[in-house]
S.K.: 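Supplied in structure tokens, the structure appears directly below.
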Number of protein chains: 2
Amino acid sequence: MRKVDPAKHEEKRREILEAAGRCFARSGFHGATTSAICAEAKISPGHLFHYFDSKEAMIAAITQARLDDAMVRTERVMESADPFGTFVNGIKDALLTKGRMNNPLLLDMLAEARHNPTMAEIVQESTRQGQAVVAAFLRKGQEEGRVDTNLDPELAAAIVISVIDGSQSIAVRDPKLDKEESGKLLLKMLLRLFAPPAAADGA
Amino acid sequence: MRKVDPAKHEEKRREILEAAGRCFARSGFHGATTSAICAEAKISPGHLFHYFDSKEAMIAAITQARLDDAMVRTERVMESADPFGTFVNGIKDALLTKGRMNNPLLLDMLAEARHNPTMAEIVQESTRQGQAVVAAFLRKGQEEGRVDTNLDPELAAAIVISVIDGSQSIAVRDPKLDKEESGKLLLKMLLRLFAPPAAADGA
DNA sequence: CAATTAATAGACTAATTGGTCTATTAATGT
DNA sequence: ACATTAATAGACCAATTAGTCTATTAATTG
């Protein structure tokens, strides 16, 4: 008989998903056709649907993958020597929209989640997890006296995520705006929100 | 002969556009079919395409209309007795996502603009105008000593818009989160960013 | 009222698109 | 070597969808 390496199967799936990701980024979830994805991945339709049940499933898979990816990277920060400090750096990275933290599909994913219950579930579940992790960082910061203890960590975490989401809109609305500058100001804004009443954090 | 009221024509267009808006809000720009729009507007396809050249044109028109609408409302604030104060109230309204300032298509519009040059142009042009108006409010605030003069009004305006955009994501990511609460915190965050070095704005 | 043209309907279509079916090739284990 | 099954191709299809065409009804004006 034959019993083939499931790792190879997974690898191919990832490969196809990456090609799909490029197509989706270019044309949106609905604008990208399966045949465009086939072309990008250099496979036939039969082959494509051998790996994914439907285009819907591809959209769900890539969304899940991207969100998971962001989660993993965020969680890894927790293991560093200075969690809160590294966390702030992570936000910076996310806001500058350049580090591999960046996900050009974010707006599409959010919009899609407004119309598609499956996607909504994926996004919401991922948000629950992400929010919890961010809240943990904020609590850590509160313990260290670097974050205002009046802030509700869960709520503040939601705000952090919302600001990162919002930062994606800047590139769309004003492509000429310097991302470095806007990112820095967004970060400053968050840090001021975090700052305990005493410390003014002028710079 | 016959020479019919162009106002009536415009009115019907608006009517159809409103129906389309409901469909788009429900299913997204691509998920909503023209026949769904026909059903919602209670007209026939022939009739629909008598008023709009294409679905694309409908998407562009509704986007333009929504953005113009937001602009008009924002501009009107400038005419009030206390522009900056009223402006802050306007932001509050936008963040609470309830006042008629709210536009459930915002995320869809931004996502679409990433893939569709026509939409990109509309969004970017509208942003230019909106940003200018917001920057004017901030300058007013600076003159009145209510806004940090170190802030670049144009850049800060971009941040304000980005935060409002980002606030839309909250409802998607965490529908259970209290909008009142998150809106209040977002507003506080912006006000702290605006605050001149001296005033701490503790509340 | 008659003529004219706008408003409206709705059957129809051309093209696209997600997805299937069959066939072929290439691994793998015995 | 051979049997078995996975990997892959690509022709094909059913359904959907944006958009058209023709016909009818309703205003408007002279």
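Residue numbers start from 1 in every chain, and the chains themselves are labelled A, B, ... in the order their sequence lines are given, proteins ahead of strands.
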S.K.: Using the 3.5 Å cut-off, write out each protein N or O paired with an N or O of nucleotides 24-27 of chain C and the distance between them.
M.R.:
none

S.K.: Please enumerate all residues that pass salt bridge (charged side-chain N to carboxylate O under 4.0 Å, His left out) together with B:Glu75, with sequence neighbours excluded.
M.R.: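 For B:Glu75 there are no salt bridge (charged side-chain N to carboxylate O under 4.0 Å, His left out) partners, ignoring immediate neighbours.
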S.K.: The test is salt bridge (charged side-chain N to carboxylate O under 4.0 Å, His left out); show your working for A:Lys8 and A:Glu11 and say whether it passes.
M.R.: CA-CA 5 Å; A:Lys8 207 141 202 174; A:Glu11 173 56 25; over 6 Å; no
S.K.: Using a heavy-atom distance cut-off of less than 4.0 Å, which residues of residues 9-18 of chain B contact DNA chain D?
M.R.: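 Of all residues in residues 9-18 of chain B, none places a heavy atom under 4.0 Å from DNA chain D.
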S.K.: Salt bridge (charged side-chain N to carboxylate O under 4.0 Å, His left out) for A:Glu15 and A:Lys12? Distances and angles first, verdict last.
M.R.: CA-CA 5 Å; A:Glu15 216 177 296; A:Lys12 190 75 190 175; 3.6 Å; yes
S.K.: Can you pull the side chain to side chain donor-acceptor pair (under 3.5 Å) pairs that have at least one residue in residues 46-58 of chain A, sequence neighbours excluded?
M.R.: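 Output for this query lists A:Glu56-A:Asn116.
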S.K.: Measure the spacing between CD of A:Glu112 and CD1 of A:Ile122 and express it to the nearest 0.5 Å.
M.R.: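 It is 10.0 Å, given to the nearest 0.5 Å.
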S.K.: To the nearest 0.5 Å, tell me how far A:Ile159 CD1 sits from B:Leu186 CG.
M.R.: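 It comes to 4.5 Å.
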S.K.: Return the orientation label for the A:Phe137 and A:Phe87 ring planes: parallel under 30°, perpendicular over 60°, tilted otherwise.
M.R.: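 Ring orientation of A:Phe137 relative to A:Phe87: parallel.
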S.K.: Test salt bridge (charged side-chain N to carboxylate O under 4.0 Å, His left out) on B:Arg146 and B:Asp82 and set out the steps.
M.R.: CA-CA 12 Å; B:Arg146 295 201 265 179; B:Asp82 172 18; 2.6 Å; yes
S.K.: Once salt bridge (charged side-chain N to carboxylate O under 4.0 Å, His left out) is applied, do any residues pair with B:Arg22, and if so which ones, sequence neighbours excluded?
M.R.: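 Checked B:Arg22 against salt bridge (charged side-chain N to carboxylate O under 4.0 Å, His left out); matches are B:Glu40.
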S.K.: What residues in residues 23-30 of chain B put a non-hydrogen atom under 4.0 Å from any atom of DNA chain D?
M.R.: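 Going residue by residue through residues 23-30 of chain B, none turns out to have a heavy atom under 4.0 Å of DNA chain D.
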S.K.: Identify, with sequence neighbours excluded, every residue that meets side chain to side chain contact (heavy atoms under 4.5 Å, CB included) alongside A:Ala41.
M.R.: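 Per chain and number, A:Ala41 pairs via side chain to side chain contact (heavy atoms under 4.5 Å, CB included) with A:Ala19, A:Ile43.
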S.K.: Taking the axis from the first five pairs and the axis from the last five, what angle separates them in the helix from C:dC1-D:dG30 to C:dT30-D:dA1, rounded to 10 degrees?
M.R.: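 About 20° separates the two local helix axes.
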S.K.: Distance check, rounded to the nearest 0.5 Å: A:Leu95 atom CG versus A:Leu187 atom CG?
M.R.: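 Here the rounded value is 6.0 Å.
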S.K.: How far does CG of B:Leu106 sit from CG of B:Asp165, to the nearest 0.5 angstrom?
M.R.: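 Rounded to the nearest 0.5 Å, the CG-CG separation comes out at 5.0 Å.
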S.K.: Can you tell me how far apart CG (A:Leu17) and CD (A:Glu10) are? Round to the nearest 0.5 Å.
M.R.: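 Answer rounded to 0.5 Å: 10.0 Å.
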S.K.: Do the side chains of A:Leu110 and B:Leu110 get nearer than 4.5 Å, heavy atoms only?
M.R.: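 Heavy-atom side-chain distance check fails, nothing below 4.5 Å.
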S.K.: Output the residues of residues 113-121 of chain B in contact with DNA chain C, where contact means a heavy atom of the residue under 4.0 Å from an atom of the strand; sort by number or write none.
M.R.: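 Close to the strand, none.
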S.K.: I need the residues from residues 32-62 of chain B with at least one non-hydrogen atom less than 4.0 Å from DNA chain D; give them sorted by number, or say none.
M.R.: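 Close to the strand are B:Ala32, B:Thr33, B:Thr34, B:Pro45, B:Gly46, B:Phe49, B:Ser54, B:Lys55.
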S.K.: Tell me every residue that passes salt bridge (charged side-chain N to carboxylate O under 4.0 Å, His left out) with B:Arg139, counting only those two or more places apart in sequence or in another chain.
M.R.: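 Salt bridge (charged side-chain N to carboxylate O under 4.0 Å, His left out) list for B:Arg139, sorted by chain: B:Glu154.
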S.K.: Would B:Asn102 and B:Gln168 count as having a side-chain donor-acceptor pair, cut-off 3.5 Å?
M.R.: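 B:Gln168 and B:Asn102 do have a side-chain donor-acceptor pair below 3.5 Å.
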S.K.: List the residues meeting salt bridge (charged side-chain N to carboxylate O under 4.0 Å, His left out) with A:Glu181, not counting sequence neighbours, and say none if there are none.
M.R.: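 Partners of A:Glu181 under the salt bridge (charged side-chain N to carboxylate O under 4.0 Å, His left out) test: none.
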